[in-house]
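All chains are named by letter (A, B, ...) in the order of the sequence lines, taking the proteins before the strands, and each is independently numbered beginning at 1.
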Amino acid sequence: MALLLKRRGITRVHPLEGGLERWKALGFPVLKLPARETGPDPTPASGATQVV
Amino acid sequence: MSPSDSIQLLGRYSVIILPALVVAEQMGVPLPAVPALLAVGALAAKSHASLPLALGAIVAVALPVDLLWYELGRRRGARVLSSLCRLTLEPDSCVRRTENLFLRHGVRAMLVAKFLPGLMTVMPPLAGVFGVRRLQFALYEVAGVLLWAGFWTGLGYVFSDAIEVAIVRATALGRALGLLVAVAVAAYVLFKYVRRSLFLRRLRIARISPENLRQKLETGEEVIILDLRTALEVAATPYVIPGARRVTTDALDTRVSDIPLDRDLVVYCS
């Protein structure tokens with residue numbers, strides 16, 4: 001995906017080390033997604049609630 | 001061993017060799033099951049092998065193995081898929097590709113999965129992750145195996161004369177052909193490996209640590225965060241980093257024009 005973005009001319013792409021798992025493991029804030037936003041066709045995480 | 005010796009051996013032990021090759025593919029080992037299926041089809045046309053017996057043996061062995069993967073998918077979820085995909089030549093797109101196929105076609109995707117490289121191993125645990133019923137899984141599994149093995153052996157049966165000519169020519173070429181095939185396979189695997197290594201090295205250079213991202217967010221730096229996880233991964237971990245936007249692979253192309261070029265873009269998966 002990062003390569004795809006770079007090919008589309010977006011050069012300032014930075015993959016997050018360890019992804020969401022590492023972010024969560026470090027205790028950094030995350031938002032819980034409501035059930036309607038966990039489907040295959042996502043909408044922006046507007047209804048999310050902060051849990052950490 | 002010459003190609004004609006191999007064919008004779010295959011004809012004699014097709015009910016052992018074919019299921020063994022299929023199981024190897026199910027475990028992610030890239031052994032040539034398709035050429036063997038073609039050869040058995042050709043042998044059956046000359047009455048040197050029994051197609052029903054070979055197909056029955058394949059189903060009898062493939063079903064329990066795939067049921068095992070299916071149960072692992074049911075019990076352990078998406079983690080099994082990630083582990084399995086590490087064994088394939090396309091580990092970065094493996095889960096996404098399989099999941100997209102499943103989301104688009106549902107359990108019917110199992111009928112064609114065995115024809116697509118890399119998906120044979122991943123599809124059964126994915127069916128487990130998606131909660132396909134056991135009986136439905138077993139029925140589609142048997143149908144998928146019969147369709148796949150039946151297609152290739154049938155092709156071998158129909159074109160048995162052409163396959164026989166190919167085997168005679170291959171025998172004439174002897175070891176040179178074996179060497180050529182081995183070099184071609186090795187070159188292909190090496191090409192995939194080098195391409196992925198170069199890509200990962202480029203990504204490593206540009207990676208951002210969670211600590212660094214948090215600092216940027218806390219200092220109010222304008223950073224765009226994209227959550228690129230698949231629907232399955234989001235369902236397993238229904239959380240996002242504050243401010244992140246979820247984008248699917250399919251939607252990414254259409255949303256690229258919305259991304260400002262003068263800002264840092266942080267992307268993350270699971």
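One distance of note links CZ of B/Arg214 with CG of A/Leu26; it measures 9.0 Å at 0.5 Å rounding. Here CD of A/Glu21 is found 11.0 Å from OH of B/Tyr239. Values are rounded to the nearest 0.5 Å.
Between A/Arg12 and B/Asp264 there is a side-chain heavy-atom pair separated by less than 4.5 Å. Annotation: side chain of A/Phe28 is in contact with side chain of B/Pro210 (closest heavy-atom distance under 4.5 Å). You'll find the side chain of A/Val30 stays beyond 4.5 Å of the side chain of B/Val240, heavy atoms only.
More than 12 heavy atoms of other shown residues, nucleotides or ligands fall within 6.0 angstrom of atom CD in B/Gln136.
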* To do: Dump the intermediate steps for side chain to side chain contact (heavy atoms under 4.5 Å, CB included) on A/Glu17 and B/Leu213, then the final yes or no.
  => CA-CA 10 Å; A/Glu17 272 177 22; B/Leu213 174 62; over 6 Å; no
* To do: Would you please test B/Ile241 and A/Leu16 for side chain to side chain contact (heavy atoms under 4.5 Å, CB included) and show each step?
  => CA-CA 11 Å; B/Ile241 293 174; A/Leu16 180 64; 3.6 Å; yes
* Asked: B/Val267 and A/His14: side chain to side chain contact (heavy atoms under 4.5 Å, CB included), yes or no, with the steps?
  -> CA-CA 6 Å; B/Val267 295; A/His14 305 285; over 6 Å; no
* Check the pair B/Arg229, A/Leu20 against side chain to side chain contact (heavy atoms under 4.5 Å, CB included), reporting the backbone distance first and the verdict last. => CA-CA 9 Å; B/Arg229 291 176 300 156; A/Leu20 183 63; 3.3 Å; yes
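Heavy atoms of B/Leu217 lying under 4.5 Å from chain A belong exclusively to its side chain.
Among all heavy-atom pairs drawn from B/Pro242 and A/Pro29, the shortest one is CD-O, 3.1 Å.
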